[in-house]
Amino acid sequence: MTKIEAIIQPNKVSEVREALEAAGVTGLTLSEVQGHGRQKGHSQVYRGNEYTVDLIPKVKIELVVAESRTEELIGVISAAAQTGKVGDGKIFISDVRETVRIRNGDRGDLAL
Ligand SMILES: Nc1ncnc2c1ncn2[C@@H]1O[C@H](COP(=O)(O)OP(=O)(O)OP(=O)(O)O)[C@@H](O)[C@H]1O
Ligand SMILES: [Mg+2]
């Protein structure tokens with residue numbers, strides 16, 4: 001199993017969720033987060049000097065999927081979230097050792 005963590009622009013959440021739904025994803029977790037990438041937040045000019053301020057609000061979508069679906073779903077998320085401008089976000093992929101459905105003890109892919 002694979003965990004896909006996608007950090008995206010908040011205004012892309014609906015599009016990404018609809019695309020994931022259409023792709024048959026059964027579960028996900030969404031959090032409002034703050035962060036920065038290479039631009040270190042907004043660059044703002046104040047009294048002639050450029051300052052770096054703040055963390056930018058983003059949304060993190062986490063989903064654990066069968067390993068065989070990983071590349072396909074990276075494509076689905078990227079296509080829905082991309083504008084081509086800086087700050088579009090990032091996708092992190094990691095291995096997941098086990099999943100347990102608490103209700104009935106299902107394990108692995110069966111529990112996704
Ligand atoms: N290396 C990282 N580790 C953890 N979170 C990151 C990392 N890089 C980016 N993020 C998260 O992703 C969000 C969006 O990053 P962003 O798309 O600006 O990345 P970038 O590398 O600056 O690319 P771009 O040049 O396209 O803006 C950040 O606000 C932060 O929450
Ligand atoms: Mg950036």
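In listed order, ligands and their atoms are each counted from 1.
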(request) With the side chain counted from C-beta on, respond yes when R17 and L30 share a heavy-atom pair under 4.5 Å apart, and no when they do not. (result)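 Counting from C-beta outward, R17 and L30 do come under 4.5 Å.
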(request) For the residue pair L73 and T2, establish whether any side-chain heavy-atom pair is separated by less than 4.5 Å. (result)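 No, side chains not in contact.
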Distances only, to 0.1 Å: what are the N or O pairs between ligand 1 and the protein that fall under 3.5 Å?
unit_1   : atom_1 : unit_2 : atom_2 : d
ligand 1 : 8 (N)  : K90    : NZ     : 3.0
ligand 1 : 17 (O) : G89    : N      : 2.8
ligand 1 : 17 (O) : G89    : O      : 3.4
ligand 1 : 21 (O) : K90    : NZ     : 2.7
ligand 1 : 22 (O) : R38    : N      : 2.6
ligand 1 : 22 (O) : Q39    : OE1    : 3.0
ligand 1 : 25 (O) : R38    : NE     : 3.4
ligand 1 : 25 (O) : R38    : NH2    : 2.8
ligand 1 : 25 (O) : Q39    : NE2    : 3.1
ligand 1 : 27 (O) : Q39    : OE1    : 3.0
ligand 1 : 27 (O) : G87    : N      : 2.7
ligand 1 : 29 (O) : G35    : O      : 3.2
ligand 1 : 29 (O) : H36    : N      : 3.1

(request) Identify the heavy atoms of A80 and A19 that sit nearest to each other, and give their distance. (result)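 For A80 and A19, the tightest heavy-atom pair comes out as CB-CB, 4.1 Å.
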(request) Determine the minimum heavy-atom distance between K12 and Q82, stating which atoms define it. (result)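 Heavy atoms of K12 and Q82 come nearest at NZ-O, 4.2 Å.
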(message) Taking I74 as the starting point, is it possible to reach I7 by hopping between hydrophobic residues whose side chains are less than 4.5 Å apart?
(response)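 No; I74 is not reachable from I7 via cluster members.
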(request) Could you tell me whether a side-chain N or O of Q9 sits under 3.5 Å from a main-chain N or O of A81, the two making a donor and an acceptor? (result)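 No; judged by distance alone, with no hydrogens or angles, the pair does not exist.
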(request) Using a cut-off of 2.8 Å, find all protein N, O or S atoms closer to the Mg ion (ligand 2) than that distance. (result)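 The answer, once waters are left aside, is Q39 OE1.
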(message) Among E71, E72, E67, exactly one meets side-chain hydrogen bond (donor to acceptor under 3.5 Å, both in side chains) together with R69. Which residue is that?
(response)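 Passing option: E72.
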(request) Not counting sequence neighbours, list each pair that qualifies as a side-chain hydrogen bond (donor to acceptor under 3.5 Å, both in side chains) and has a residue in residues 25-35. (result)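 As it turns out, there is no side-chain hydrogen bond (donor to acceptor under 3.5 Å, both in side chains) pair with a partner in residues 25-35 once direct neighbours are skipped.
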Identify each donor-acceptor pair in which a side-chain atom of residues 89-102 lies under 3.5 Å from a protein atom, sequence neighbours left out, and give them as a table.
unit_1 : atom_1 : unit_2 : atom_2 : d
E98    : OE1    : G108   : N      : 3.1
E98    : OE2    : R107   : NH1    : 3.3
R101   : NH1    : D106   : OD2    : 2.8
R101   : NH1    : L110   : O      : 3.1
R101   : NH2    : A111   : O      : 3.3
R101   : NH2    : L112   : O      : 3.3

